[in-house]
Engineer: 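Can you read through this structure? Questions will come right after.
Since we're looking at a predicted model, the values are computed, not measured. Quick note: residue numbers are just sequence positions, from 1.
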Amino acid sequence: MSKDTTDAPADSRTGIEDQRLPLPALLALATAVFITSLTETLPAGVLPAMSADLGVGESAMGQSVTIYAIGTALTALPLTAATAGWRRKRLLLTAMAAFAVANTVTAVSASFPLTMVARFVAGVAAGLAWALLAGYARRMAPVHLQGKAIAIVMTGIPIALSLGVPAGTFLGKALGWQVSFLIMTGLTLLVIAWIVATVPDHPGRQRQGGTPMLRALRVPGVAPVLFVTLVFVLAHTILYTYIAPFLDRLGMGDSTDLVLLAFGAASLVSIWYVGAHIHRRLRALTIAGTLLVAAAAAILALTTGNPALVYGAAALWGLGWGGVPTLLQTAVGDAGGESADAAQAMLVTLWNVAMAGGGVVGGILLGLLGSASFPWSVLALLAPVLAGVLAARAHGFPAVRATS
């Protein structure tokens, strides 16, 4: 399949420094990923204070996380199609500006409905940014370093979960939850300036006939990657969202932050390793990640509360899961080819559908079967994930990645 010359990395076109990664630009994108991830999860850390100040119950305030995911899921596909022809840098700056506005409104709002509107807008901006960022990283790197470029950008996720949320929670308790969101606005303004200074611009894609999403689905390998994404993220989210009640059952409720810290630290190791080896081992790493998360779920299913086993399982979980966003976004980008942007947008949509579904399914499981059912449900869902990866040997998760 021929490639549009606008997709070729700038360095490879000029023949200069074609073996190097543009680290300042990639770190700017990683910070953008950090902001999107932290904006989504920050309310969970300051939920009691937000609900008290806005005059609603904690369960209602908790929907500020859900509506963010809904905003992303509903708008990622149509907005990506509508902005396909936009210059990439202009589009990225627009999305980050929307984050600055949404977090500022959240910080100063005294109205629950207004806060929810701001959270929805933040979710819309996230859908646009997430569909853009992985492809942007690919276009800035030589072909053999594209996986490493995406891995660098994706470090924003575990840093947000393992360090950003605890820091935001601490600041929220010490200075007020509004300060946490205003700090997010400040970080967003800084990253906007960083993007302006260091990130190269790229043209958008010309509109083609037909529906971009349907065209992308017809490309061999795209559908298997999207299936694996939906089910894998659903499995992960069920356990991650309800890890606190699960640990309460084991008598480790007070150690939730430490367990998640172990998970986050292991995730960073996973992202580093995946970034170093994804170019030649995408399929093997995806299989290994699935098996590591399954091993962690099995340990948690069988343990009776031994802290060492729980921390060990959290570390295995992080090692398996940390590189998954990089692996899946690289796989769908490789499979999508010239329809990569549409494929990325579908991945973002399904990712957020799975996150919202994980909260719903986990809540149902908690009410019907109790928290002990969570790791068993993860194991049940990972069986079709593994089967899907193994079956997509020719396209989707090939034994050898294409290098051109």
Engineer: Any chance CZ of Arg249 has more than 12 other-residue heavy atoms, nucleotides or ligands included, within less than 6.0 Å?
Structural biologist: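 Enclosed: over 12 neighbouring heavy atoms sit under 6.0 Å from CZ of Arg249.
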Engineer: May I ask you to test the Val121-Val101 pair for a side-chain heavy-atom distance under 4.5 Å?
Structural biologist: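 Answer no - side chains too far apart.
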Engineer: If every non-hydrogen atom of Met140 is compared with every non-hydrogen atom of Leu29, which pair is closest and at what distance?
Structural biologist: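 Result for this residue pair: CE-CD1, 3.4 Å.
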Engineer: Under a 4.0 Å threshold between the charged nitrogen and the carboxylate oxygen, would Asp201 count as salt-bridged to Arg139?
Structural biologist: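 No, Arg139 and Asp201 are not salt-bridged.
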Engineer: With a 4.5 Å cut-off on side-chain heavy atoms, are Val222 and Leu226 touching?
Structural biologist: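 A side-chain contact exists here, since the closest heavy-atom pair is under 4.5 Å.
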Engineer: Output, in order, the C-alpha distance, side-chain angles, deciding distance and verdict of side chain to side chain contact (heavy atoms under 4.5 Å, CB included) for Val310 and Met252.
Structural biologist: CA-CA 9 Å; Val310 173; Met252 295 181 62; 3.7 Å; yes
Engineer: Could you walk me through whether Thr115 and Ser109 pass side chain to side chain donor-acceptor pair (under 3.5 Å), step by step?
Structural biologist: CA-CA 6 Å; Thr115 299; Ser109 172; 3.0 Å; yes
Engineer: Roughly how far apart are Leu93 CG and Lys89 NZ, rounded to 0.5 Å?
Structural biologist: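 Reported value, rounded in 0.5 Å steps: 7.0 Å.
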Engineer: Under the 3.5 angstrom rule, does the side chain of Thr330 hit a backbone N or O of Leu327 as a donor-acceptor pair?
Structural biologist: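 Pair absent, no side-chain N/O of Thr330 close to backbone of Leu327.
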Engineer: Would you say Thr290's side chain and Thr286's backbone share a donor-acceptor pair under 3.5 angstrom?
Structural biologist: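 Checking the backbone N and O of Thr286 against the side chain of Thr290, a donor-acceptor pair under 3.5 Å is found.
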Engineer: Determine the minimum heavy-atom distance between Tyr68 and Ala126, stating which atoms define it.
Structural biologist: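 So the minimum-distance heavy-atom pair works out to OH-CB, 3.2 Å.
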Engineer: Give the intermediate values and the outcome of side chain to side chain contact (heavy atoms under 4.5 Å, CB included) for residues Leu261 and Tyr311.
Structural biologist: CA-CA 10 Å; Leu261 183 61; Tyr311 284 113; over 6 Å; no
Engineer: Give a yes or no answer on whether the side chain of Arg280 reaches the backbone of Ile278 with a donor-acceptor pair at less than 3.5 Å.
Structural biologist: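 Side chain of Arg280 to backbone of Ile278, a donor-acceptor pair under 3.5 Å: no, none is there.
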Engineer: Looking at Ser37 and Phe34, would you say the former's side chain and the latter's main chain have a donor-acceptor pair under 3.5 Å?
Structural biologist: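 Pair absent, no side-chain N/O of Ser37 close to backbone of Phe34.
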Engineer: Taking the side chain as every heavy atom from C-beta outward, state whether Thr31 and Leu187 have any pair of such atoms under 4.5 Å apart.
Structural biologist: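 A side-chain contact is absent here, since even the closest heavy-atom pair is not under 4.5 Å.
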Engineer: Just wondering, do Gln178 and Asp53 contact through their side chains at under 4.5 Å, heavy atoms?
Structural biologist: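 The answer is yes, as the side chains (C-beta and beyond) meet within the 4.5 Å cut-off.
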Engineer: Return the minimal non-hydrogen interatomic distance between Ala294 and Leu379, and the atom names on each side.
Structural biologist: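 The answer is O-CD2, 3.3 Å.
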Engineer: If you measure from CZ on Phe120 to OG1 on Thr72, what distance do you get to the nearest 0.5 Å?
Structural biologist: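 Result: 9.0 Å between the selected atoms.
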Engineer: Hey, what's the ring geometry for Phe181 with Trp177, parallel, tilted or perpendicular (30° and 60° as the breaks)?
Structural biologist: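 Perpendicular: the ring planes of Phe181 and Trp177 meet at over 60°.
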Engineer: If I compare all heavy atoms of Leu319 with all of Ser270, which pair ends up nearest, and what's the gap?
Structural biologist: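 For Leu319 versus Ser270, the nearest heavy atoms are O-OG, 2.8 Å.
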Engineer: CG/Leu132 to OG1/Thr94 distance, rounded to the nearest 0.5 angstrom?
Structural biologist: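 It is 10.0 Å, given to the nearest 0.5 Å.
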Engineer: I need the full list of ring-ring contact (aromatic ring centres under 6.0 Å, His included) pairs touching residues 325-359, with sequence neighbours left out, sorted by first then second residue.
Structural biologist: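 Every pair satisfying ring-ring contact (aromatic ring centres under 6.0 Å, His included) with a residue in residues 325-359: Trp321-Trp351.
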Engineer: Less than 4.5 Å apart, any side-chain heavy atom of Ile287 and any of Leu291?
Structural biologist: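 Yes, close enough: below the 4.5 Å cut-off.
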Engineer: Could you pull out the closest heavy-atom pair between Pro224 and Phe397, with the gap in Å?
Structural biologist: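 Closest approach of Pro224 to Phe397, heavy atoms only: O-CE1, 4.4 Å.
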Engineer: Using modelled atom types only, decide if a donor and an acceptor are shared between the side chain of Thr303 and the backbone of Leu300 within a distance under 3.5 Å.
Structural biologist: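 Checking the backbone N and O of Leu300 against the side chain of Thr303, no donor-acceptor pair under 3.5 Å is found.
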Engineer: Does Arg393 reach the side chain of Arg283, with side-chain heavy atoms less than 4.5 Å apart?
Structural biologist: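 Touching, per the 4.5 Å side-chain cut-off.
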Engineer: How many angstroms lie between CD1 in Ile70 and OG1 in Thr75, if you round to the nearest 0.5 Å?
Structural biologist: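 These two atoms lie 11.5 Å from each other.
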Engineer: Provide the closest heavy-atom pair for Ala296 versus Trp317 in the form atom of the first, atom of the second, distance.
Structural biologist: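 So the two residues come closest at CB-N, 3.6 Å.
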Engineer: Using the benzene-type ring in the case of Trp, are the ring centres of His236 and Phe232 under 6.0 Å apart?
Structural biologist: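 Ring-ring flag for His236/Phe232: false, centres at least 6.0 Å apart.
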Engineer: I'd like to know if the side chain of Arg138 and the backbone of Leu133 have a donor-acceptor N/O pair within less than 3.5 Å.
Structural biologist: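 Not at all, since once roles are kept as given, no pair shorter than 3.5 Å links the two residues.
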Engineer: Please test Tyr273 against Arg281 for side chain to side chain contact (heavy atoms under 4.5 Å, CB included), starting from the C-alpha separation and ending with a verdict.
Structural biologist: CA-CA 11 Å; Tyr273 189 85; Arg281 301 177 181 174; 3.8 Å; yes
Engineer: With rounding to the nearest 0.5 Å, note down the distance linking OG1 in Thr106 to CE in Met116.
Structural biologist: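 Atom-to-atom, Thr106:OG1 and Met116:CE are 10.5 Å apart.
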Engineer: Taking the side chain as everything from C-beta on, heavy atoms only, tell me whether Val199 gets closer than 4.5 Å to Tyr136.
Structural biologist: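 They are in side-chain contact.
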Engineer: Quick one: do Thr39 and Asn103 satisfy side chain to side chain donor-acceptor pair (under 3.5 Å)? Show the steps, please.
Structural biologist: CA-CA 8 Å; Thr39 296; Asn103 280 321; 3.3 Å; yes
Engineer: Roughly how far apart are Phe246 CZ and Asp248 CG, rounded to 0.5 Å?
Structural biologist: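 Taking CZ in Phe246 and CG in Asp248, the distance rounds to 11.0 Å.
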Engineer: Side-chain contact test, heavy atoms from C-beta onward, threshold under 4.5 Å: evaluate it for Leu347 versus Gln329 and give yes or no.
Structural biologist: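 Yes, side chains in contact.
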Engineer: Evaluate Ile238 against Leu381 for side chain to side chain contact (heavy atoms under 4.5 Å, CB included), listing each step before the verdict.
Structural biologist: CA-CA 10 Å; Ile238 288 172; Leu381 288 168; 3.9 Å; yes
Engineer: Take a 6.0 Å sphere around CH2 of Trp272 and say whether it holds more than 12 heavy atoms from other residues, nucleotides or ligands.
Structural biologist: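 Not more than 12 within 6.0 Å, no.
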